[in-house]
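Below: the structure, in structure tokens.
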Amino acid sequence: VQLQASGGGLVQAGGSLRLSCVVSERTFRSYAMGWFRQAPGKEREFVAAVRRSGGNTYYAEAVQGRFTISRDNAENTVYLQMNRLKPEDMAVYYCAARYEDPFDGSVDYRQIYKYNYWGQGTLVTVSS
């Protein structure tokens with residue numbers, strides 16, 4: 001499974017960006033997807049996740065109400081729409097995938113170590 005993230009760039013505070021992550025896996029619709037970020041000198045942290053159906057989403061408190069995760073199973077793509085960006089959102093953003101067992105409801109998709117596949121990251125820079 002290969003993941004290719006894109007869409008990062010330089011934006012002013014208050015602006016918007018949309019990140020995309022294309023997954024090279026024909027059974028993409030069987031995977032839960034997550035976005036994580038890592039700022040310089042900090043650990044990688046959870047941002048958002050979406051279950052295989054797209055019907056369940058999860059957000060970090062810091063981005064709740066500003067970011068939206070979505071997926072297009074026909075295009076093997078997951079998106080992260082980021083609005084009202086703040087300087088503290090500046091980081092390298094990574095997409096990640098995990099096969100979702102439809103009969104296992106115990107997985108916490110906010111946990112970084114639950115994901116098996118990772119993209120290369122895309123840099124988001126927010127100027128104040």
Side-chain angles (χ1 to χ4, degrees):
V1 179
Q2 294 184 331
L3 292 74
Q4 181 71 43
S6 62
L10 173 63
V11 64
Q12 288 188 331
S16 298
L17 279 176
R18 188 177 80 156
L19 305 184
S20 301
C21 177
V22 179
V23 181
S24 63
E25 170 55 49
R26 62 180 180 86
T27 59
F28 170 75
R29 62 181 67 246
S30 298
Y31 285 74
M33 299 297 301
W35 285 99
F36 294 79
R37 67 186 181 186
Q38 187 167 17
K42 295 188 177 181
E43 294 186 351
R44 193 171 300 188
E45 65 177 5
F46 169 74
V47 175
V50 60
R51 300 283 291 271
R52 54 187 283 168
S53 68
N56 296 86
T57 57
Y58 311 90
Y59 296 94
E61 186 175 344
V63 307
Q64 182 79 45
R66 299 188 297 122
F67 291 11
T68 302
I69 189 170
S70 62
R71 64 189 296 157
D72 184 339
N73 285 343
E75 297 293 331
N76 281 23
T77 303
V78 62
Y79 302 98
L80 185 68
Q81 178 66 45
M82 306 185 295
N83 298 329
R84 304 199 308 275
L85 281 159
K86 304 176 181 180
E88 52 263 43
D89 294 318
M90 184 163 59
V92 177
Y93 283 71
Y94 298 88
C95 57
R98 173 192 167 86
Y99 174 76
E100 182 180 332
D101 182 341
F103 301 103
D104 183 358
S106 67
V107 177
D108 185 349
Y109 293 97
R110 296 166 295 181
Q111 299 295 325
I112 187 171
Y113 61 90
K114 295 294 186 181
Y115 290 84
N116 311 104
Y117 306 100
W118 291 83
Q120 85 289 1
T122 185
L123 177 63
V124 172
T125 303
V126 183
S127 63
S128 57

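Counting non-hydrogen atoms of other residues, nucleotides and ligands closer than 6.0 Å to CD of Gln2 gives a total of 12 or fewer.
The backbone N or O of Ala5 sits less than 3.5 Å from a side-chain atom of Gln120, completing a donor-acceptor pair. Judged by distance alone, with hydrogens and angles left aside, the side-chain atoms of Arg98 form a donor-acceptor pair with the main-chain N or O of Lys114 at under 3.5 Å. A distance-only check finds no donor-acceptor pair linking the side chain of Arg44 to the backbone of Tyr94 [under 3.5 Å]. Formation of a donor-acceptor pair under 3.5 Å by the Asp72 side chain with backbone atoms of Thr77 is not found in this model. Side chain of Asn76 to main chain of Glu25: a donor-acceptor pair is present (N/O by atom type, distance under 3.5 Å, no hydrogens or angles). Arg37 places no side-chain N or O within donor-acceptor distance of the main-chain N or O of Ala91, the cut-off being under 3.5 Å.
A cation-pi contact links Arg18 to Tyr79, judged by a cut-off of 6.0 Å to the six-membered ring centre and 45° from its axis.
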>> Working note: Tyr109 + Thr57, criterion side-chain contact (heavy atoms from CB on, under 4.5 Å); need CA distance, chi angles, decisive distance, verdict.
In response: CA-CA 9 Å; Tyr109 293 97; Thr57 57; over 6 Å; no
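Less than 6.0 angstrom separates the ring centroid of Phe36 from the ring centroid of Tyr115.
Hydrophobic clustering of Ile, Leu, Val, Met, Phe, Trp and Tyr side chains at less than 4.5 Å, counting indirect connections, unites Tyr117 with Val23. If you chain together hydrophobic residues whose side chains sit under 4.5 Å apart, Val11 and Leu80 fall into the same group.
For the atom pair NZ (Lys86) and OG (Ser128), the distance works out to 14.0 Å, reported to the nearest 0.5 Å. From Gln12, atom CD reaches atom CG of Leu85 across 11.5 Å, with rounding to the nearest 0.5 Å. One finds the OG1 atom of Thr27 at 10.5 Å from the CG atom of Asn73 (value rounded to the nearest 0.5 Å). We find the OH-CG distance between Tyr113 and Asp108 to be 7.0 Å, quoted to the nearest 0.5 Å. Rounding to the nearest 0.5 angstrom, the gap separating the CD atom in Gln81 from the CD1 atom in Ile69 is 12.0 Å.
Counting heavy atoms from C-beta outward, Met82 and Leu19 have side chains that approach closer than 4.5 Å. With contacts defined as side-chain heavy-atom distances shorter than 4.5 Å, the pair Ser53/Glu100 does not qualify. Arg51 has its side chain within reach of Tyr58: a pair of non-hydrogen atoms, C-beta onward, lies under 4.5 Å apart.
For Arg66 and Tyr59, the side-chain atoms include no donor-acceptor pair closer than 3.5 Å.
Aromatic ring orientation, Tyr31 versus Tyr99: perpendicular (interplanar angle above 60°, classes split at 30° and 60°).
What you find for Ser16 and Asn83 is that their closest heavy atoms are OG-OD1, 2.9 Å. Smallest separation of non-hydrogen atoms from Val92 and Gly121: CG1-CA, 3.8 Å. Minimum interatomic distance between Gly7 and Leu17 (heavy atoms only, all atoms of both residues): O-CD2, 3.9 Å. When all heavy atoms of Arg71 and Arg52 are compared, the pair lying nearest together is NH1-CA, 3.4 Å.
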